[in-house]
Structures are given as C-alpha cells and as structure tokens.
Chemist: 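Sharing a structure below in structure tokens format, with a few things to ask.
Chain naming here is simple, since letters A, B, ... match the order of the sequence lines and numbering starts at 1 in each.
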Amino acid sequence: MSDNAAAPAPEVEKKPSPPPELKRSWGDEAEEEDDKLPPPPSPIGEGPSKSEVSELDIETLKIDESKKKVNEFLEEPEDSTIEAVTTGETPYTSAATFEELNLSPELLKGLYVEMKFEKPSKIQAISLPMILTPPYKDLIAQAHNGSGKTTCFVLGMLSRVDPLIKAPQALCICPTRELSIQNIEVLEKMGKYTGITFECAVPVDSGSEKFNRNPVFAQVVIGTPGTIKRWMSQRKLSVQEMKVLVFDEADHMLAKDGFQDDSLRIIRDIRKAQRNAQVLLFSATFDENVKNFVSKVVHDYNQLFVKKEELSLESVKQYKVFCPDEQIKIRVIGERILELGEKLGQIIIFVNSKKSASMLHTALVELGYEVTTIHGALNHEDRDKIVKEFKDNLTKVLISTDVLARGFDQQRVNLVINFDLPIKYDNTEQPPGRRVPREPHFEVYLHRIGRAGRFGRKGAVFNLIMTETDRVLMEKIERYFDSPVTEVPSWKSEEDFAVALKSAGLL
DNA sequence: AAAAAAT
C-alpha cells in the first residue's frame with residue numbers, strides 16, 4: 001500500500017542552505033544527472049520565477065467586511081495578478097512562512113527536507129490559509145501552470161488528515177491515470193515523515209486486481225473517476241470520515257464533455273455521508289461556462305482567479321510555422337528541430353488523435369529519429385513505462401494526445417510542438433446540418449504549452465500551421481490571450497529555427 | 001467528428 005514507516009519525528013531542521021544558483025544551462029544539468037531531476041530553480045514552493053521570488057513579499061490579506069467582496073491582492077501593482085473573493089466573516093492572513101500554518105512538525109520537515117521548500121509560493125501563501133482555517137470552506141482556485149497548485153492541495157490534504165483515524169479522509173480526483181500517479185508521488189514525498197497512508201485509485205491491466213479487493217484503509221486516496229466510483233459503490237472506499245474532496249483540473253472534471261456526471265455523483269455521495277466535507281477545485285483554466293457551473297457545485301466558497309491574459313504565456317515563447325502540407329510538417333519536426341538533438345531539452349509533440357499519433361510516430365521513426373508515443377489506447381503497463389522512461393530522461397521526444405495535455409510535470413521539457421492545433425469538438429446544440437466554424441480549444445492550448453517552461457524556466461512552442469483553418473485558429477488564439485505568436489519566416493531555413501530557439505533562450 | 005475513464 002503505502003508509506004507507513006513513520007519515522008519518529010525528528011526535530012524539524014533549520015531551513016536548508018540556500019539553493020544553488022540556477023545559472024547553469026539546461027544541457028549541463030541533463031548531462032550531469034542522467035538519472036535525476038535537476039534541482040528546482042527556486043526554493044519557493046513549486047515556486048515562481050526567480051525574478052518574482054526576489055520581490056515576493058506577501059502582505060496581509062484584506063479581511064472582507066461584507067458579504068462578498070473583491071480583494072485585489074496587495075502585491076506590488078505589477079504583480080497583482082491573483083484576485084481573491086472571500087465570503088463570510090473569516091479573516092484570512094496570507095502565509096509568509098509555513099510555520100504560520102500550524103502544520104505538524106513532520107509535515108514541515110517534509111516540506112523543507114524532501115520538497116526543499118523554503119517559504120510558500122504566492123498561490124500557496126494565499127490559498128493555504130483559506131483551506132486550513134475553520135470553518136473549512138470550499139475553494140475555487142485558479143493559478144498559473146507550474147505555479148504550485150499540486151503542492152497546495154497535497155499540503156491541504158495532508159494537514160487535514162487526522163493521523164489517528166485509519167480511514168480515508170481526503171480524496172483527490174484527476175482526469176488521467178498519469179496525473180493521479182504523479183500526484184501520489186508528490187504526496188508520498190511531502191508526507192514522508194507524517195506516516196499518513198495513501199493509495200492510488202487507477203485501473204490495473206491484468207488479473208492482478210482481484211475480484212475482491214480489500215477495503216481501503218489509506219487516509220488519502222488519489223485516482224481517476226471510474227475506479228473511485230467503483231470502489232465507492234462496492235463499499236471498498238468508505239466516505240464516512242471524508243474531510244476533503246479535491247478536484248485536480250477541476251474545470252475539466254466538471255465540464256459536460258469531461259467528467260461532470262462522475263464528479264457530481266461522487267460529490268453527492270460524499271456529502272450525503274459528510275455534509276461538511278470541504279470541496280477544493282483547482283485548475284489553471286476556468287472558462288466562463290464552467291465557472292458558472294462550478295459555482296453552483298460548491299457551497300459557501302472562497303475563490304482565487306487569474307486573468308486569462310496573464311496566464312503563464314510569458315515564460316513560454318510562442319512560434320508559428322507555415323507548412324505547405326503534412327509531409328513538410330513532419331520534415332520540419334525532424335530536420336529543423338530534432339536535428340538539433342542534444343542541444344535541446346526534452347520535447348513533447350501534441351496531436352489531436354490517436355491515429356495522428358501513430359502516423360507521426362511511424363513517419364519519424366522511418367526518418368531515423370527516436371521517439372516514443374503515448375495515448376489512451378495503449379495498455380496501462382505500456383503507458384506507465386513510457387511515462388517513466390520519459391521522466392527518467394531515457395527518451396527525449398514524446399508524441400502525445402491530450403492525455404498529457406494537463407498537469408504533466410517534467411521539468412526538462414522546454415519545447416512543445418503542436419503538430420495539430422487543439423480544437424473544440426463540443427459544438428453542441430447546433431441545428432442539424434449547420435456547421436459551426438471550428439473554434440480553437442483555448443484551455444487545452446494553454447495547458448499544452450504549460451508543459452514547457454515549468455517553474456518559470458524558459459520554454460517555447462512551435463505551432464505547425466498547414467491549412468487556412470489552422471491560420472484562423474491560430475489568429476483566434478492570439479487574440480484570445482492577447483499575445484502575439486511570432487512567425488518563423490521560412491520552414492526551409494535551419495537558421496530561422498535556430499534564431500527562434502535562441503531567442504526563446506533554449507539554445 | 002476527440003480524448004479520457006470505465007462499464
């Protein structure tokens with residue numbers, strides 16, 4: 001099951017010595033540490049960029065006097081990107097240090113020693129008091145990609161668990177098995193000294209999952225909707241002691257074309273047993289529709305939002321390349337980008353369909369490039385293996401469907417390629433026969449490019465534009481985020497790509 | 001028409 005080896009809580013150690021300067025180049029790191037992740041660039045949570053760190057000085061949150069009031073965050077003006085709305089009488093004070101949060105010494109040790117955190121990142125400073133202060137209100141929290149959302153809710157879950165109660169008390173639901181596993185790994189690390197038990201609720205391939213699995217005693221459960229629902233309906237997962245329910249990628253989990261039905265059902269069942277269970281919704285994106293809907297799902301809630309124009313597009317340099325046909329798109333990837341080989345970090349190439357993934361995989365392999373591919377039609381074992389190889393830096397180029405668009409965290413990825421632009425398919429309620437012009441999927445676009453430039457590192461995206469439709473989609477994306485995408489003048493020019501990557505800080 | 005999860 002999990003980490004039960006509760007070491008007798010040693011003294012919480014003093015903060016670790018200041019982190020190494022992060023001036024070394026990406027390539028250097030990759031060569032030196034084939035096996036390990038490079039050290040995080042900053043000790044601040046999953047922290048903001050370095051520049052942000054130095055000026056980060058979180059002030060007291062305003063106490064809301066009336067029913068519902070908007071607190072513009074009292075950061076330096078240029079830094080005031082997070083807007084908080086609180087309800088009720090509870091005053092919240094932004095946490096400048098982890099000590100202020102009344103965490104257990106064991107949990108603090110995990111933060112300092114295992115996670116190498118020094119003080120809360122901005123989103124953590126603001127959201128953690130809201131999560132941890134009674135009465136435990138629901139929360140809708142939006143924050144930038146790679147800004148430390150995961151650590152927020154993992155820390156939230158760990159600190160709300162009563163170590164003495166050996167039953168599930170916190171549940172986190174994620175859209176994919178990959179994200180569930182990743183989140184479990186964070187929880188394991190952060191909670192290492194707490195002795196809090198956990199289990200990952202994702203489907204397993206073969207017969208290893210017996211007909212009659214044992215009831216879950218783990219205190220924290222993280223997994224995908226189907227498996228969690230099954231465990232609940234089979235009475236293997238008790239919700240009697242449930243205190244916290246987290247939805248990672250909450251906008252997708254509650255979207256009609258996402259996991260809305262499953263999610264609502266799980267919320268309902270938990271609330272039936274525990275009326276006051278706290279519901280936490282986290283995502284980098286909440287479009288207006290979803291925002292409206294989710295506000296009906298949560299009860300008395302606080303919220304944190306970021307303007308879409310300010311959502312993480314700064315650290316990732318965006319490019320578009322016009323390619324006459326599909327063959328050229330493939331050649332651009334091979335001859336213009338993958339040729340640069342060792343000079344680049346890891347790369348994810350996003351496609352819109354499994355078919356597209358297989359096609360591209362075959363084509364690139366035929367051209368002699370080493371790539372691996374992941375999508376939902378592979379068996380679970382293979383998926384896990386491909387992700388593990390990529391995370392261990394054993395493979396450099398990963399072709400993926402949107403299964404990895406959200407949340408996937410691999411710090412060495414600094415380049416994303418959109419072989420296909422993300423499209424919305426849910427043009428629902430159209431009169432028959434009427435074709436609606438294709439819309440880009442803005443949220444997916446943002447999530448995809450958020451795979452590069454994690455933690456304020458440099459990153460770039462190449463959007464391969466082939467048809468007139470692509471061109472229009474690209475324009476809409478630029479307009480939506482109010483962020484121009486630089487054109488690579490000619491797909492034929494190696495120089496043009498080198499210039500682009502240099503300017504993005506990757507070469 | 002897509003993807004994902006799972007039945």
Side-chain angles (χ1 to χ4, degrees), chain A residues 171-183 200-209 211 213 221-234 236-237 247-266 269 283 285 290 348-361 373-384 386-387 398-408 418-448 451 467 469-470 473:
Chain A
L171 180 59
C172 171
I173 308 179
C174 315
T176 62
R177 77 182 278 110
E178 284 73 18
L179 198 46
S180 305
I181 294 169
Q182 183 177 287
N183 287 338
C200 191
V202 296
V204 284
D205 268 329
S206 45
S208 57
E209 171 92 320
F211 289 51
R213 64 150 294 127
V221 174
I222 301 179
T224 46
T227 303
I228 287 173
K229 252 178 26 181
R230 203 176 83 238
W231 287 7
M232 281 172 59
S233 66
Q234 295 173 350
K236 302 297 181 191
L237 177 58
F247 287 93
D248 194 6
E249 307 298 343
D251 59 329
H252 187 239
M253 298 310 292
L254 288 161
K256 259 259 167 57
D257 65 338
F259 294 94
Q260 189 178 91
D261 294 346
D262 290 344
S263 299
L264 290 180
R265 165 101 192 264
I266 293 170
D269 286 355
S283 183
T285 54
V290 177
I348 301 182
I349 307 172
F350 282 108
V351 295
N352 282 355
S353 70
K354 297 167 201 165
K355 227 175 101 187
S356 193
S358 313
M359 181 279 295
L360 183 59
H361 181 100
T373 298
I374 186 168
H375 55 69
L378 303 181
N379 67 46
H380 299 133
E381 220 179 5
D382 289 345
R383 281 168 67 164
D384 293 350
I386 284 160
V387 165
L398 181 58
I399 299 170
S400 175
T401 59
D402 283 328
V403 65
L404 291 190
R406 285 170 173 266
F408 183 69
N418 279 324
F419 185 79
D420 304 313
L421 289 174
I423 297 169
K424 273 198 185 108
Y425 289 94
D426 63 337
N427 289 328
T428 45
E429 319 215 359
Q430 292 311 318
R434 231 192 96 202
R435 265 298 190 226
V436 173
R438 281 189 157 179
E439 283 295 304
H441 203 310
F442 302 114
E443 288 73 31
V444 170
Y445 182 82
L446 191 89
H447 284 282
R448 282 184 181 182
R451 296 319 101 212
T467 62
T469 313
D470 290 341
L473 291 170

Chemist: Give the rounded distance in Å between these two atoms: CG of A/L404 and P of B/dA3.
Modeler: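 Going from CG in A/L404 over to P in B/dA3 covers 14 Å.
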Chemist: Ignoring hydrogens and angles, state whether a donor on the side chain of A/S283 or A/H252 is under 3.5 Å from an acceptor on the partner side chain.
Modeler: no
Chemist: How is A/R406 classified with respect to the nucleic acid when contacts are heavy atoms under 4.0 Å: base, sugar-phosphate, or nothing?
Modeler: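 Since no nucleic acid heavy atom lies under 4.0 Å of A/R406, the category is nothing.
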Chemist: Does a nitrogen or oxygen in the side chain of A/T176 sit under 4.0 Å from OP1 or OP2 of B/dA5?
Modeler: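 No, no such contact exists.
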Chemist: Between atom CD in A/Q234 and atom C1' in B/dT7, what is the gap in whole Å?
Modeler: 12 Å
Chemist: Of the nucleotides B/dT7, B/dA5, B/dA3, which has the atom closest to the A/E178 side chain?
Modeler: B/dA5
Chemist: B/dA2 P sits how many Å from A/R448 CZ, rounded?
Modeler: 14 Å
Chemist: In whole angstrom, give the distance that lies between atom CE of A/M253 and atom C1' of B/dA5.
Modeler: 9 Å
Chemist: For the pair made of CD in A/E249 and C1' in B/dA3, what is the distance, rounded to whole Å?
Modeler: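 Checked: the CD to C1' distance equals 14 Å.
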Chemist: Can you see which heavy atom on A/T373 is nearest to which on A/L378, and at what distance?
Modeler: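 Scanning both residues, the minimum pair turns out to be O-CD1, 3.5 Å.
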Chemist: What does A/D402 touch in the nucleic acid at a heavy-atom separation under 4.0 angstrom: a base, only the sugar-phosphate, or nothing?
Modeler: nothing
Chemist: B/dT7 phosphate, OP1 or OP2: any side-chain N/O from A/R230 under 4.0 angstrom?
Modeler: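 Indeed, a polar side-chain atom of A/R230 lies that close.
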Chemist: Expressed in angstrom and rounded to an integer, what is the separation of A/L421 atom CG from B/dA2 atom C1'?
Modeler: 15 Å
Chemist: Measure from the side-chain heavy atoms of A/D257 and tell me the nearest of B/dA5, B/dA4, B/dA2.
Modeler: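 So the side chain of A/D257 is nearest to B/dA2.
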Chemist: Using a cut-off of strictly less than 4.0 Å, decide whether A/R383 has a side-chain nitrogen or oxygen near OP1 or OP2 of B/dA5.
Modeler: yes
Chemist: Please report, rounded to the nearest Å, how far the C1' atom of B/dA5 is from the CG atom of A/D248.
Modeler: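 To the nearest whole Å, that distance equals 16 Å.
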Chemist: In this structure, which one of A/L404, A/D402, A/L421, A/I348 forms a side-chain contact (heavy atoms from CB on, under 4.5 Å) with A/R448?
Modeler: A/D402
Chemist: Identify which nucleotide among B/dA6, B/dA4, B/dA3 has an atom closest to any side-chain atom of A/P203, counting heavy atoms from C-beta outward.
Modeler: B/dA6
Chemist: Side chain of A/Y425 only, please: which of B/dA2, B/dA6, B/dT7 is the nearest?
Modeler: B/dA2
Chemist: Tell me every residue that passes side-chain hydrogen bond (donor to acceptor under 3.5 Å, both in side chains) with A/R177, counting only those two or more places apart in sequence or in another chain.
Modeler: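 Here the qualifying residues are A/D384.
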Chemist: Looking only at the side chain of A/T401 (C-beta and beyond, no hydrogens), which of the listed nucleotides B/dT7, B/dA5, B/dA4 gets closest?
Modeler: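 Side chain of A/T401 sits closest to B/dA4.
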Chemist: Judged by each residue's nearest nucleotide on DNA chain B, which is more toward the 5′ side, A/H252 or A/H380?
Modeler: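 On the 5' side of the pair lies A/H252.
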Chemist: Nearest to the side chain of A/F259 - B/dT7, B/dA6, B/dA4?
Modeler: B/dA4
Chemist: Does A/K354 reach a base, just sugar-phosphate, or nothing at all? Heavy atoms under 4.0 Å.
Modeler: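 Result for A/K354 = sugar-phosphate.
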Chemist: Please identify each residue that fulfils side-chain hydrogen bond (donor to acceptor under 3.5 Å, both in side chains) with A/Q182, with sequence neighbours left out.
Modeler: A/K391
Chemist: After noting the C-alpha distance and the side-chain angles of A/D261 and A/R265, does the key distance pass the salt bridge (Lys or Arg N to Asp or Glu O under 4.0 Å) rule?
Modeler: CA-CA 6 Å; A/D261 294 346; A/R265 165 101 192 264; over 6 Å; no
Chemist: Please state how far atom NZ in A/K256 lies from atom P in B/dA3, giving the value in whole angstrom units.
Modeler: 22 Å
